[in-house]
Protein chains: 2
Amino acid sequence: MTETAPAPAPPALTAAHRELLDQVLDKWSLQVLDSLCEQPQRFNELRRSVPAVTQKSLTATLRRLERNGMVERLVVRSRPVAVEYRITALGTTLQDLVDALLRWTADTLPDVEHARSRYDAEVLDDAGPRA
Amino acid sequence: MTETAPAPAPPALTAAHRELLDQVLDKWSLQVLDSLCEQPQRFNELRRSVPAVTQKSLTATLRRLERNGMVERLVVRSRPVAVEYRITALGTTLQDLVDALLRWTADTLPDVEHARSRYDAEVLDDAGPRA
DNA sequence: CAGTATCCCCTACGATACTG
DNA sequence: CAGTATCGTAGGGGATACTG
């Protein structure tokens, strides 16, 4: 499947690559990116867009994404200050990836759930080592 | 960019989707899958293929991948027992995704590193709140 | 060989309180 | 509004020891 692209030699999985994926595909990043993709938002707007996130985690996530060039932080010197976050060009390239990821999960989740049921039924039933 | 694919409506990011991605894109899974993609392997072969992994983590990773239908565990009743792990059809569909991920990191890592340098220089220098 | 079991640490995260 | 600072906890992972 997908013979359309010649697949130009997938590069090796170095520590630097893994680190980047970790920083960018982590628990909250996907949701934040996803939300910022639709429209730029302020800090507290984002908190509401991503319901379960705490201030601390949201701040950490935004800083990490900012550091990696995925989002941009714009301070409007009003009173009180307003801070707007928006996705960068680099961030949108990531969004395409995330969409692919999401489509994959949507496609395979039924199969995965089936596999899980089988596993849970035949493995978790009998205890003890599996050799 | 990439107007080639119509992008058939990326599905929402539910908890189930995130869970699957977490289980499958975690620290060791990528390397294990990658290694198994080239050829089926026994437990200790895998340990050598993925140098930094511990027994415990490798076992946990393999169990998780097996449960999700990504790898298959075959017990050869010899003495001592031999156990072979091989990637499933489902697992190979994931591999395509991982390749895409890796290609993305390879493409964007230079930009990301540049962004990091800028961030570290202009933000980490002056301490204090950023409002 | 292919694990399981135990201990232990460390950091990721949430909760809470405070500030320009 | 948009954070920073501090504390406390849960669990993911390593090191080590043991087993069919």
Side-chain angles (χ1 to χ4, degrees), chain A residues 15 18-19 21-32 35-36 40-67 71-86 119 123-124 126-131, chain B residues 15 18-19 21-32 35-36 40-67 71-86 119 123-124 126-131:
Chain A
R18 263 233 60 87
E19 190 203 6
L21 288 178
D22 282 345
Q23 301 221 346
V24 127
L25 295 183
D26 82 292
K27 186 176 183 184
W28 300 115
S29 294
L30 291 191
Q31 297 171 68
V32 169
S35 185
L36 282 181
Q41 281 169 82
R42 311 249 305 256
F43 187 81
N44 283 326
E45 286 180 299
L46 268 172
R47 283 189 71 183
R48 284 184 286 275
S49 299
V50 186
V53 77
T54 61
Q55 292 158 320
K56 186 180 174 182
S57 298
L58 180 55
T59 304
T61 300
L62 287 169
R63 292 292 175 275
R64 199 168 32 237
L65 291 176
E66 187 191 357
R67 189 172 108 91
V71 308
E72 198 173 13
R73 181 179 181 271
L74 305 168
V75 180
V76 181
R77 296 218 154 280
S78 55
R79 204 203 37 112
V81 289
V83 177
E84 195 182 70
Y85 290 93
R86 57 175 61 213
Y119 183 93
V123 177
L124 293 184
D126 44 30
R130 301 183 57 201
Chain B
R18 262 233 61 88
E19 191 203 5
L21 289 178
D22 281 346
Q23 302 219 348
V24 128
L25 296 182
D26 82 293
K27 187 176 183 186
W28 301 113
S29 295
L30 292 192
Q31 297 170 69
V32 169
S35 186
L36 282 182
Q41 280 168 84
R42 313 250 305 255
F43 188 81
N44 283 326
E45 286 181 300
L46 267 173
R47 284 188 71 183
R48 285 183 285 274
S49 299
V50 185
V53 77
T54 61
Q55 293 153 322
K56 184 182 176 182
S57 298
L58 180 55
T59 303
T61 300
L62 287 170
R63 291 292 175 274
R64 199 167 33 237
L65 291 176
E66 186 191 358
R67 191 172 107 91
V71 308
E72 198 173 11
R73 180 178 182 273
L74 304 168
V75 180
V76 180
R77 295 217 155 279
S78 54
R79 204 204 39 111
V81 290
V83 178
E84 194 183 69
Y85 291 93
R86 57 174 62 212
Y119 182 92
V123 176
L124 293 184
D126 45 31
R130 303 183 56 199

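The chains referred to below are lettered A, B, ... by the order of the sequence lines, with proteins before strands, and numbering in each begins at 1. Model, not experiment: these values are computed from the prediction.
Of the possible donor and acceptor atoms, none in the side chain of B/E66 sits under 3.5 Å from a partner among the backbone N and O of B/R73. Between the side chain of A/S57 and the main chain of A/V53, no donor-acceptor pair closer than 3.5 Å is present.
A/R63 is linked by a salt bridge (charged side-chain N to carboxylate O under 4.0 Å, His left out) to nothing, counting only residues two or more places apart in sequence or in another chain. Every residue two or more places apart in sequence or in another chain that forms a side-chain hydrogen bond (donor to acceptor under 3.5 Å, both in side chains) with B/D26 is listed here: B/S29, B/R64. Judged as a side chain to side chain contact (heavy atoms under 4.5 Å, CB included), and not counting sequence neighbours, the contacts of A/N44 are A/R47, A/R48.
Considering every non-hydrogen atom in both A/T61 and A/V32, the closest pair reads CG2-CG2, 4.1 Å. Of all non-hydrogen atoms in B/Q31 and A/R18, the two that sit nearest each other are NE2-CD, 4.0 Å. For A/W28 against A/V50, the heavy-atom pair with the smallest separation is CE3-CG1, 3.9 Å.
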- Query: When you look at B/E84 and B/V76, which way does the side-chain contact (heavy atoms from CB on, under 4.5 Å) test go after all the steps?
  - Reply: CA-CA 8 Å; B/E84 194 183 69; B/V76 180; 5.5 Å; no
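With rounding to whole Å, A/L62 atom CG is found 14 Å from D/dC1 atom C1'. D/dT4 atom P lies 13 Å from atom CG of A/N44, rounded to whole Å. As rounded to whole Å, 11 Å separates atom P of D/dG13 from atom CG of A/D22. As rounded to whole Å, 7 Å separates atom P of C/dC1 from atom CZ of B/R48. Between B/L58 atom CG and D/dT16 atom P there is a gap of 18 Å when expressed in whole angstrom units. The nearest whole Å value for the distance from the CG atom in A/L46 to the P atom in D/dG3 is 10 Å. Summarising the geometry, the separation between CZ on B/R47 and C1' on C/dT4 is reported as 13 Å, rounded to the nearest angstrom. In this structure, B/Q55 places its CD atom 10 Å from P of C/dG3, rounding to the nearest Å.
Residue A/R73 places at least one side-chain N or O under 4.0 Å from the OP1 or OP2 atom of D/dG3. The side chain of A/R42 places an N or O atom within less than 4.0 Å of a non-bridging phosphate oxygen (OP1 or OP2) of D/dA2. Close to C/dC1, at under 4.0 Å from its OP1 or OP2, lies no side-chain N or O of B/Y85.
Atom CG of B/L62 and atom OH of B/Y85 lie 5.0 Å apart (nearest 0.5 Å).
Scanning DNA chain D for stems, defined as runs of 3 or more consecutive Watson-Crick or G-U wobble pairs whose donor-acceptor distances all fall under 3.5 Å, gives the following ranges: C:1-20 with D:1-20.
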Below 3.5 Å is the cut-off: list the nitrogen or oxygen pairs between protein and nucleotides 8-14 of chain C, distance only.
unit_1	atom_1	unit_2	atom_2	d
C/dC13	N4	A/K56	NZ	3.3
C/dG14	OP2	A/T54	OG1	3.2
C/dG14	OP2	A/S57	OG	2.2
C/dG14	O6	A/K56	NZ	2.4

Would you list the protein and nucleotides 10-12 of chain D atom pairs, both N or O, that sit under 3.5 Å from each other?
none

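Counting only heavy atoms from C-beta on, B/R63 has its side chain closest to C/dT4 among D/dG20, C/dT4, D/dA2.
Residues B/L21 and A/L25 are not in side-chain contact: their nearest non-hydrogen atoms beyond the backbone lie 4.5 Å or more apart. Proximity of B/R86 to B/L36: side-chain heavy atoms (C-beta onward) are nowhere separated by under 4.5 Å.
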